[in-house]
Protein chains: 2
Amino acid sequence: MSKLSGFPEYLPAQRNAELAVLDHLRRVFELHGFANIETRAVETMDQLTRKGEIDKEVYVLRRLHAADDEGDAGMGLHFDLTVPFARYVLENAGHLTFPFRRYQIQKVWRGERPQQGRFREFTQADIDIVGEGTLPFHFDVEVARVMAEALSGLPVPELTLQVSNRKVLEGFYRGLGIADPTAVMQVVDKLDKLPADKVAGLLREQGLSDDQAAQCLALADIRTTDTSFVEQVRALGVEHPMLDEGLEELAAVVGAGEQVQGVVVTADLRIARGLDYYTGTVFETRMAGYESLGSICSGGRYDQLASDGKRTFPGVGISLGVSRLLAPLFADGMTASRSVPSAVLVALVTEDSRPVSDAVAQQLRARGIPAEVAATAQKFGKQIRYAERRGIPFVWFPPAEGEDGHEVKDIRTGDQQAADPAAWEPPASDLRPQVVVTKEKQQ
Amino acid sequence: MSKLSGFPEYLPAQRNAELAVLDHLRRVFELHGFANIETRAVETMDQLTRKGEIDKEVYVLRRLHAADDEGDAGMGLHFDLTVPFARYVLENAGHLTFPFRRYQIQKVWRGERPQQGRFREFTQADIDIVGEGTLPFHFDVEVARVMAEALSGLPVPELTLQVSNRKVLEGFYRGLGIADPTAVMQVVDKLDKLPADKVAGLLREQGLSDDQAAQCLALADIRTTDTSFVEQVRALGVEHPMLDEGLEELAAVVGAGEQVQGVVVTADLRIARGLDYYTGTVFETRMAGYESLGSICSGGRYDQLASDGKRTFPGVGISLGVSRLLAPLFADGMTASRSVPSAVLVALVTEDSRPVSDAVAQQLRARGIPAEVAATAQKFGKQIRYAERRGIPFVWFPPAEGEDGHEVKDIRTGDQQAADPAAWEPPASDLRPQVVVTKEKQQ
């Protein structure tokens, strides 16, 4: 009985913490009018291998009882939520209203080799806004603000949403007289892994002059938490209409991000995103103390999310790697305050008085208070330990036969009070499991 | 671009209806202290083919880029939530607290042939309580009551939870002097498909006398919505200690069910459940007008959910086929009142005044009211139609430049009123999408 590597499974308390995170994300997305969809786990191999991404590690399906000549089922598990969403939009375009805001929180799968220790199953939370034919730029601002708001409410270390814009980079490179901006972007993207002088060398190999290479590196060095990056770029003295457009767009996104408390939104001109379907705004996200994870929340503007030849559907979106974010935090002690939803354990005086305890629990549930009744009529001390082991904060004592008066005990403080099952309320913070950190991260 | 048969996908409005159902289920399960877990989508082929269920249609996985000699990944997609739960309990027994109440709402997959028109991907919602070594009978009553409560709040046609008990059947058959009660149960189970006289013939082929066969059929005919079935069984004059025990248990479950409004709980002595791991209470559920679906919610008591040789884990559980329940209702016109979460569309006076509309939307969201801002500053008539197409009930009009005073219009009634963005609340029933039926079921 060995666990399968790459397929994380959580104990109930950790799952409660994950649920708290997912509930928060859903709440923010829905407050902003994003509709939920769920797509099937499988796509045809056709869909999965489009866009030249045939190097993706896909799990292909075969029926166990397939006839000998039947072969694979022609389907594989999706490796992201973008391919399925693009297919869904095309398939249902006649029934959707555009611009279409959607969020999607689902598992995705990658057929990685077992030994790599990478996730083979993980949860993503994506938001996208897609238009039919056109999609005004203000939706880029909206997507950034909504994800920033969602991230800002998470019980995790400080997150930095790094924003850039391909038009800034491409316009700047063109303004410098560079013929192949995409090739330069791919080289500059290596600044994460290589020192600046090595990258400068690679740029010169691309045919750039010393000055052009230096300018490219100077641009990549600009990073501000407000719109002052515009001046810094202007100070480099490069001119191009596409650069102007990109700077205006990026300033709008970063300016809107300044209003969101609890998450740092920066203009970061090193960010280019490798995937070449992005055409304007691009996003990445880093978590303080967990930089080695890379970006845990990425996306951008793509002028062609989907197309059926007649119509095109431009979009802007961002995808949060929920498992990628939570797995290392769980490893470092994040969990929930309890392993069960129950805020109250109703004690049993005797097995015969179970209906009395059941009735108390039902009265609490009717007011939205999760409650369970003790499994057996052990001594009260044992019933309290039963609650303790699960993290249940309150134990309710119904009256013994012939007595009257209910009492409720906060088992964390020992405080015990008379209480009315028809009226008592726990503090709001005890109603649901809370996310807690049980030990400090090992530095 | 053809849809894949057997993999249902919903439009946003239907998904909203499904979410309302899933949220309700989760709420009831959590109020009763059931902890959520999620297991990985895959199990080892070992696990999937245990218990002799090798006839199950499983999807086996293979890595697309597997080396030639690598073959299948040794894993398949789970076909139910019981096999994964049993594995999870064994794997994590040292970290769980027993009795362990859990609910699990996940997709499952069956590698059915495409042409059969059956689901190949669908959602199940399972609750189980599992003990270590022993599990007192009162948990059977609890599981029945919790699922009955969950079912009773669903916006679906009348549901009948049919309860029986294998001890009643086996005890009765033994009391009649029948040597192989299991074989008789399997024959009596055919009453769904065969007329009574054919079943009587099959029973006689098993070696039963005319009288024994008649008694078996008389027992299977008993069906009561209260505990009066006990008398009816007694009136047949059969005696056996196991029968006594079974009748007492079944009376307790049905008696508890009488307290739940909105779902019919019946003792139904025809129900035996084919799977032979059930040892006591068994459940099935029928929906009025949709009897051809068969049972949409089934389960029972199994004295050995899991075992590792040293320890055994008895359980009692019940599994609701969410897709099985909803797909035919969606086909018959069930949907949600809107396709988006937004309760309010904030209109745009001009594109330049977008910050004003954004600010109104943020004020509404701060009070938990989902809101979106119009995509473009079209004429108000067009903005109202934008809301109408999505089913958004309210359109908010900020003041034009130089004017003051906000107004909000209920676009269903045309009623328009002055409103304060810092205080206005929609009726509670408009806050979230509601489940509605857009046309009557075709009889």
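Proteins come first, then strands; the chains are lettered A, B, ... in the order of their sequence lines, and each starts at number 1. The shown structure was predicted, so the numbers you read here are calculated from the model rather than taken from an experiment.
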| message | Less than 4.5 Å to any heavy atom of chain B: does that hold for the side chain of A:Glu142, its backbone, both, or neither? | response | neither
| field | chain A contact via B:Arg432 - side chain, backbone, both or neither, heavy atoms under 4.5 Å | value | side chain
| Interface moiety of B:Glu30 toward chain A, non-hydrogen atoms closer than 4.5 Å | both
| message | Would the distance check show the side chain of A:Arg63 and the main-chain N or O of B:Gly111 forming a donor-acceptor pair, the cut-off being under 3.5 Å? | response | yes
| message | Can you tell me which portion of A:Val373 sits under 4.5 Å from chain B's heavy atoms? Options are side chain, backbone, both or neither. | response | backbone
| message | Looking at B:Asn36, is its backbone amide N or carbonyl O close enough to the side chain of A:Arg15 to form a donor-acceptor pair, meaning the two atoms are under 3.5 Å apart? | response | no
| query | Are A:Leu61 and B:Leu61 side-chain neighbours, meaning at least one heavy-atom pair lies under 4.5 Å? | reply | yes
| task | Check whether any side-chain heavy atom of B:Gln362 sits under 4.5 Å from a side-chain heavy atom of A:Glu149, and report yes or no. | result | yes
| remark: Honestly, the part of B:Arg110 sitting under 4.5 Å from a heavy atom of chain A is neither
| request: Apply side-chain contact (heavy atoms from CB on, under 4.5 Å) to B:Arg87 and A:Glu9, showing your working. | output: CA-CA 12 Å; B:Arg87 191 258 315 150; A:Glu9 273 184 349; 2.8 Å; yes
| note | Bottom line for B:Arg367: the part with an atom under 4.5 Å from chain A's heavy atoms is neither
| message | What part of B:Tyr59 gets within 4.5 angstrom of chain A, counting heavy atoms only: side chain, backbone, both, or neither? | response | both
| task | Would you mind checking which part of B:Leu364 comes under 4.5 Å of any heavy atom in chain A, side chain (CB onward), backbone (N, CA, C, O), both or neither? | result | neither
| field | Interface moiety of B:Ala375 toward chain A, non-hydrogen atoms closer than 4.5 Å | value | both
| query | So how far is it from A:Leu11 CG to B:Glu91 CD, rounded to the nearest 0.5 Å? | reply | 10.0 Å
